Amino acid sequence: MARYPTADALMADAAGRFVSVAAQSLRENGRFLVALAGGSTPRKLYETLATPEYASRIDWRHTHVFWGDERCVPPDDPASNYRLARTTLLDRVAIPETNVHRIRGEDAPDQAAVAYEGELRLVFDTPDGPPSVQPGRRLDLVLLGMGSNGHTASLFPGLAAVRERERWVMAEHVAEVGGWRITLTPPMLNAAAHVLFLVSGADKAAMLHRVLEDPVDPDALPAQAIAPRDGALTWLVDAAAAASLRGE
Ligand code: 6PG
C-alpha cells in the first residue's frame with residue numbers, strides 16, 4: 001500500500017505509475033491495454049494524464065482503453081463512466097477511435113455484456129476459456145475504485161457477479177443503485193498484470209479498514225475478490241481514507 005497526505009498527491013503518483021506501466025507494456029508487448037475505473041475518484045487522474053507533461057509520455061497510437069464497468073445509460077449520460085473518461089482524457093489525447101473499447105450502456109444489458117466479452121476475447125486472442133495471464137494477452141493495468149459499501153467495479157455485495165468464475169463480463173441489476181450495471185468479473189480483473197486501487201476521502205475510511213484488515217469475505221466485501229493470479233495489486237490511499245487502518 002502507498003499512502004499520500006492528500007488526494008492530489010495520490011493522483012500525481014497514480015499518473016506516474018500509469019505512465020510507467022504503459023512504457024513497460026509498450027516496450028515488452030508493443031501495446032498497452034488498460035481498463036479505466038468509473039465513479040468520481042479517477043477524474044483528477046484522467047485530467048492529470050491529459051496534461052502535456054504526462055500525455056506526451058504515452059504512445060496513444062498503441063494504447064487500448066477499456067472499462068472495468070459501466071452504468072447502463074447512453075454514452076452521453078452524466079452517469080456514464082465512458083463519458084467521464086472521454087471528456088477528461090480521451091478527447092484530449094491522440095488515441096485512435098478504434099482503440100477505445102467502450103461498453104455499450106445504451107443497449108440491452110445482457111446483450112451489451114455478451115458483446116463486450118466478445119470484443120475482449122478478440123483483442124486478447126482468447127476465443128474461449130478463461131482469461132490468459134500471458135503478457136500481451138491480458139490487461140496490463142486495471143484502475144479500480146472502492147465504494148463505501150466495499151464494492152469495486154460493479155461487483156456489489158451479495159450479488160452474482162462477485163461469485164462468477166466463467167464469464168469475463170456480466171450484466172446485473174443492482175437494487176442498491178437502482179439500475180443495471182455491466183462489469184468485468186473477478187476472473188477477468190484478476191488476470192491483469194497490475195491492479196491499482198485508488199481510494200480517497202474520509203467516507204471510505206471505515207470500509208477500507210474492513211476490506212484490508214477484517215477476515216476475507218468477498219461476498220460481503222467484493223473489493224477483497226481482487227487478487228491478481230500473476231500480477232501486482234497496489235492500494236493507493238490518501239490519509240483521510242487511511243484514517244481507520246490499524247496496521248502500517
Ligand atoms: C462505478 C465505479 C465504482 C467506483 C466506486 C467508487 O461505476 O461507480 O466503477 O466501482 O469506483 O463506486 O466511486 P467514487 O470514486 O465515486 O467514490
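Position 1 is the first residue of the sequence; numbering continues from there. Only a predicted model underlies this, so the values are computations on that prediction, with no experimental measurement involved. What you see below is based on every heavy atom in this structure, not just the backbone, and it leaves out hydrogens, waters and symmetry mates. Just follow the structure's listing: the first ligand is 1, and inside any ligand the first atom is 1.
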Can an N or O of Pro42 be found at a distance shorter than 3.5 Å from an N or O of ligand 1? no
Taking the side chain from Ser80 and the backbone from Asp76, do they hold a donor-acceptor pair closer than 3.5 Å? no
Please answer whether the main-chain N or O of Arg137 pairs with a side-chain N or O of Gln134 as donor and acceptor at a distance below 3.5 Å. no
Nearest protein heavy atom with distance in Å, relative to atom 13 (O) of ligand 1: Gly39 CA, 4.0 Å
Under 4.0 Å, heavy atoms only, figure out whether ligand 1 is touched by the backbone of Met146, its side chain, both or neither. backbone
Per side-chain contact (heavy atoms from CB on, under 4.5 Å), Ser154 is matched among Arg71, Glu172, Arg181, Glu70 by Arg181
Distance-only, no hydrogens or angles: does the Arg57 side chain make a donor-acceptor pair with backbone N or O of Ser20 under 3.5 Å? no
Any atoms of ligand 1 less than 4.0 Å from a non-hydrogen atom of Lys204? List them with their elements. 6 (C), 14 (P), 17 (O)
Residue Asp69 vicinity, atoms of ligand 1 by number, heavy atom under 4.0 Å: 1 (C), 2 (C), 7 (O), 9 (O)
What orientation do Trp180 and His173 show, parallel under 30°, tilted 30 to 60°, or perpendicular over 60°? perpendicular
Sub-4.0 Å atoms of ligand 1 with respect to non-hydrogen atoms of Asn81: 1 (C), 7 (O)
Are the charged groups of Arg83 and Asp77 less than 4.0 angstrom apart, N to O? no
Picking from Leu10, Leu143, Leu45, what satisfies side-chain contact (heavy atoms from CB on, under 4.5 Å) with Leu236? Leu10
heavy-atom search around atom 10 (O) of ligand 1 in the protein gives Ala153 O, 2.7 Å
the protein heavy atom lying closest to atom 8 (O) of ligand 1 turns out to be Arg71 NH2, 2.7 Å
If you have a sec, work out which protein heavy atom is nearest atom 11 (O) of ligand 1 and how many Å separate them, to one decimal? Gly145 CA, 3.3 Å
To which protein heavy atom is atom 12 (O) of ligand 1 closest, and what is the distance rounded to 0.1 Å? His151 NE2, 2.7 Å
Quick one: sort the His101 and His64 rings into parallel, tilted or perpendicular, breaks at 30° and 60°. parallel
Taking only non-hydrogen atoms of Glu70, do any sit less than 4.0 angstrom from ligand 1? no
Indicate yes or no: does an N/O atom of Thr41 lie under 3.5 Å from an N/O atom of ligand 1? yes
Just to verify, which of Tyr116, Tyr46, Trp67 counts as forming a ring-ring contact (aromatic ring centres under 6.0 Å, His included) with Tyr82? Trp67
Test of understanding: given a 4.0 Å heavy-atom threshold, classify the contact between Ala37 and ligand 1 as side chain, backbone, both, or neither. neither
